[in-house]
Amino acid sequence: MRLLPSRYPESTYSPRRGKMNQVRQKVSQYVMRHVTNGAAHALDDDLQITIPFSEANKEATATILFIHGAFGDRNDWDQVTPNLSKYHILLPDLPGHGQTDRIGPFSKKLSARLLADLIRQHAKGGRAHVVALSLGAFVAIELASVHSDVVNEMFISGLKVMPAAYRTAIAPYGLWLSQRLESYIPLPLVRWAMDGTDMQGVDLSRVTLPLCRAIMSTITAESGDGEWAQPWAARTCIISAGKAGIVPSADHPEDAVKYRDIGRKGNAETVAYTHPLMRHPWNRQDPVLFARACRCHYVYRARVGNNRWQFLIDCMNDVSRSITNLNAESKLFVLREPAVTLLPKLFRAWNITHLVFEKDTDAYAKERDKQVIESAEKAGVKVIVGPQSRTLWDSDEVMKANGGKPTMSISQLQAAGAKVGAIARPVETPTNLPGPGDVELDIDQERPESKPDINGKYRESDEKTYSSGIAGPQGDYSVPTLVELGMKPATTPHRGGESLILARLESILADEDYTATFEKPKTSPAAFEPQSTFLTSPFLHFGALSARYFYHRVEDIVEKRRKEKKAVSTPPTSLTGQLLFRDMYFVAQAALGYSFGQTYGNSHCRFIPWHLPSKVDVKTGLVTGEYEVDDEGKEKEFQRWRDGKTGFPWIDAIMRQLKQEGWIHHLARHAVACFLTRGGCYISWERGAEVFEEWLVDHEAACNIGNWQWLSCTAFYAMFYRCYSPVAFGKKWDDTGEFVRKYVPELKGLSKKYIYEPHKAPIQDLKKAGVVIRGDGSEEMSEGVPVYPKPMFDFNVQREICMQGMKNAYRVGLHGNDPKVLDGSWKELFADDGAGPTEGKEGGPGGMASFEDADEADGAREELVKAKRTSKRNVPKASPEAARKGHKREHSQGTIDGAFGKKVKS
DNA sequence: GAAGAAGTTGAAGAT
DNA sequence: GATCTTCAACTTCTT
């Protein structure tokens, strides 16, 4: 008895329908054997059964498999799946449920085995994402641990493990009885008591005692220390419904945490959240949110704004045009599939003989390249790996020359670089290229999932690039567009492309005097249209400009002028000096591995008790992508900084330029970074680095992280008493305030006297300027007049507080890998009235380690501390495994946070 | 090893 | 307006 009509077509059995009688025979043989053998759950490999299922969106290229809960069936998902129209959807009935009553009895193992077969035969590319609820979640975990080859990522909810004491003969009777009793309660009453959750009735004819026994056995904890599950490799998001109320419908968050910790042994990115407003069957309470959360988990993962996307697309188009210029028949062919899965197929399809690519320093790229090289060798393809072109030297080589240690100063980098040898000159641009040959392809496409894709908030429509096949919507392998990617248009005026930067470079180099005497500290952060520097950084990042080409072109001019006895500038302030800084940060990253990007566990990053510190998973030693809100006021300050509404026009102008255009001058980065950290808010540099990571068109992980450590005086730089003023520093470069007027237009009518401190302007000046100064930035207009906020604090007071805080933190002298940082006992060394969250032993967490699941984590933390205690400043060995996990940090935000926001934290 | 100088890019006041 | 000194005080490099 179903109360809601099915949205799905009648079930279709497998293509082996013709063999149905044979299958039934096999099934009954299996059932007989199973029943007679009692606990034996093993299946014969030759047992060919396909469970009934429905499917939707067959044209889509990535599959999600939905697994329903106890006594339910595939129809339980009918409100969620319409919100996931981009995905191919598979909806099976579990054994013993729905139309699968002939297959059984139900067990985790049997279910997982049958679902794995279903995925292999019917999912796109033989793999699927898995979404599961309640009993289905237990099945999903079994599926992911035993049949890891078919599972991409998982989104599971509703884990409730019954105590081992429930392992009694009587418990299944209780379940059987409760299902019958519940059926007497009118459904409208149930829905009312469950906040409007669209509950469906249960078909009591399926609630049999054997099924109740099988379910109880699945969801009841093993007695003693029995394993709950084996670690699984799929990145998994586990949600606990937190709402109880009249009906006891909440999940067990502690069980979710336990499973999360098992899952993390297989994949460090596995997470668990509690949603306080949702009930156990929240797929029917808020199906839109449920679907949104699934989507967030799968595709919206990277902090990449649409401006950086546009820049990359520009660069790709330019390369394509350059290729066509050399050979009218050729161009850049963009194939929509990850290299790891695509290339092995392509080697065969196109009879590839050689594969050439550039060495990449990012850990995830190293892992990818290793896989590609292996598959190429297997296919008899010759692989040629070109040298790194993003840097001057090979970062690994320089690290070795520096004794395996990070380069923490320019002189160290130069000394180690000299040992490696002269900076190689780049090879010449080719003058001709062979044609592409036959580019017809007849292979199946696999959508990329394991790599970061894009940030959901920048999308305004469905992605159409991958869903239209390997060759793209036009079928011609063309470079994608933002529209195709479903992204909003870029707001940046800065465009990419090799020919653009090469032309710009020539115009700069033509002025030999300028080139040879360039000094970075003399360029203005307040200049716009044009900027005082020429934005080579995003081109260097995307490979549109070779660092070594740039270096040698400049160096040739400098050398010529030296011979002519003319003045030249030298590193670190000269043009080539700028390139040296990039190499310094790359080598530091190469040496420190995962810990470079965070304070916790970082042997070279000073520990400062910042506000809004990162949460850390003490088992892996990695930041989770979330942070502690130790002080609501500081959270508000952080949001105002990010939004350009601090009430300090200089800071706000820079932050608005960054958000709008994706680029700000290096000294402007100094000003806002100092303000957020040691010279204003006393908020963790990691918060600021994350914002830059999302917005900068030239974001380079190594440089961004390194510069934030520099400015916060946690590494590379230590003169914290040299502090930037949000008023004086702006005035020094732009006395009249044109830069502020451009980016904070509500202040454009103010005179230069008050442009940097509008709250000091007399009321008549403000009236004349047409602006109201009040509030915290939440109000934009008042009676048709723009509102600009008051300063969020007295800067001089705050600078003094920060200065004392820094002085004290330096005196305490901890680094990120100090045992006291690792175990949270650093608080004993700071006064309760200090600048940061130093609440003494009695206070809340407020530090680098999150103690929310302290009992679970204690053992692991002690081990970590013990290991570190042996050497205070040991450099963590950058094992490939650790490095891989560490680099995923960059992409780890965004998962579910966007869907839940504050609800999770409340 | 000790001492002094230098360190990509400060602010504020005096001369 | 340009240059110098002081502020209070850190690490690294050179001698």
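Letters A, B, ... mirror the listed sequences (proteins, then strands); counts begin at 1. Computed from a predicted model, the values in this text were never measured in an experiment.
- For the pair A/Phe518 CZ and B/dT8 P, the computed distance is 16 Å after rounding to whole Å.
- One can place CE of A/Met584 at 12 Å from C1' of B/dG7, the figure rounded to the nearest angstrom.
- Scanning for salt bridge (charged side-chain N to carboxylate O under 4.0 Å, His left out) contacts around A/Arg640 gives an empty result, with sequence neighbours left out.
- As a whole-Å value, the separation of A/Arg669 CZ from B/dT8 C1' is 15 Å.
- When the C1' atom is compared between C/dT15 and B/dG1, the two are found 12 Å apart, to the nearest whole Å.
- For DNA chain B, no neighbouring residue in residues 529-539 of chain A is found when judged by any heavy atom under 4.0 Å.
- In summary, A/Lys560 and A/Glu512 engage in a salt bridge, as defined by a charged side-chain N under 4.0 Å from a carboxylate O.
- For A/Lys760, the salt bridge (charged side-chain N to carboxylate O under 4.0 Å, His left out) test picks out A/Glu757, with sequence neighbours left out.
- In this structure A/Cys315 satisfies the side-chain contact (heavy atoms from CB on, under 4.5 Å) test together with A/Phe311, A/Phe542, A/Ala544, sequence neighbours excluded.
- Nucleotide C/dA9 holds its C1' atom 7 Å from the CZ atom of A/Phe720, rounded to whole Å.
- Residues satisfying the salt bridge (charged side-chain N to carboxylate O under 4.0 Å, His left out) criterion with A/Glu661, sequence neighbours excluded, are absent altogether.
- Nucleotides C/dA9 and B/dA6 place their P atoms 22 Å apart, quoted to the nearest Å.
- The P atoms of B/dA11 and C/dT11 are separated by 23 Å, rounded to the nearest whole Å.
- For A/Lys790, there are no salt bridge (charged side-chain N to carboxylate O under 4.0 Å, His left out) partners, not counting sequence neighbours.
- For the pair A/Met803 CE and C/dA8 C1', the computed distance is 8 Å after rounding to whole Å.
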Legend entry - Intra- and inter-strand pairs of DNA chain C in dot-bracket (Watson-Crick or G-U wobble, both distances under 3.5 Å; | for another strand): .||||||..||||||
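- Of the possible donor and acceptor atoms, one in the side chain of A/Asn707 sits under 3.5 Å from a partner among the backbone N and O of A/Cys703.
- Taking the ring centroids of A/Phe675 and A/Trp641, they lie at or beyond the 6.0 Å cut-off.
- Between A/Glu686 and A/Tyr600, the side chains place no donor N or O within less than 3.5 Å of an acceptor N or O (distance only, hydrogens not considered).
- Checked against the 6.0 Å centroid criterion, the rings of A/Tyr585 and A/Phe596 do not qualify as a close aromatic pair.
- Spacing between B/dA5 and C/dT6 at atom P, rounded to whole Å, works out to 15 Å.
- Distance check on atom C1': B/dT8 versus C/dT5 gives 22 Å, rounded to whole Å.
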For nucleotides 13-15 of chain C, tabulate all protein N/O to nucleotide N/O atom pairs closer than 3.5 Å, reporting atom names and distance.
from	atom 1	to	atom 2	distance (Å)
C/dC13	OP1	A/Ser409	OG	2.9
C/dC13	OP1	A/Ser411	OG	3.4
C/dC13	OP1	A/Gln412	NE2	3.2

Inset, instruction - Could you encode protein contacts along nucleotides 9-15 of chain B as a string, one character per nucleotide from 5' to 3', using B for base contact, S for sugar-phosphate-only contact and - for no contact, with a heavy-atom cut-off of under 4.0 Å? - result: BBSS---
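- For the OP1/OP2 pair of C/dT11 and a distance below 4.0 Å, the side-chain nitrogens and oxygens of A/Arg606 include at least one atom meeting the criterion.
- One interatomic measurement links the two molecules: CG of A/Leu579 to C1' of B/dT8, which rounds to 14 Å at whole-angstrom precision.
- Residue A/Lys807 places at least one side-chain N or O under 4.0 Å from the OP1 or OP2 atom of C/dA9.
- Residues satisfying the side-chain contact (heavy atoms from CB on, under 4.5 Å) criterion with A/Pro426, sequence neighbours excluded, are A/Ser546, A/Arg548, A/Tyr549, A/His552.
- For A/Thr517, the side-chain contact (heavy atoms from CB on, under 4.5 Å) partners two or more places apart in sequence, or in a different chain, are A/Asp513, A/Arg561.
- For A/Asp833, the side-chain contact (heavy atoms from CB on, under 4.5 Å) partners are A/Ala831, not counting sequence neighbours.
- Atom NE2 of A/His604 is separated from atom P of C/dT11 by 14 Å (rounded to the nearest Å).
- Between the side chain of A/Arg669 and the backbone N or O of A/Ile664 there is at least one donor-acceptor pair closer than 3.5 Å.
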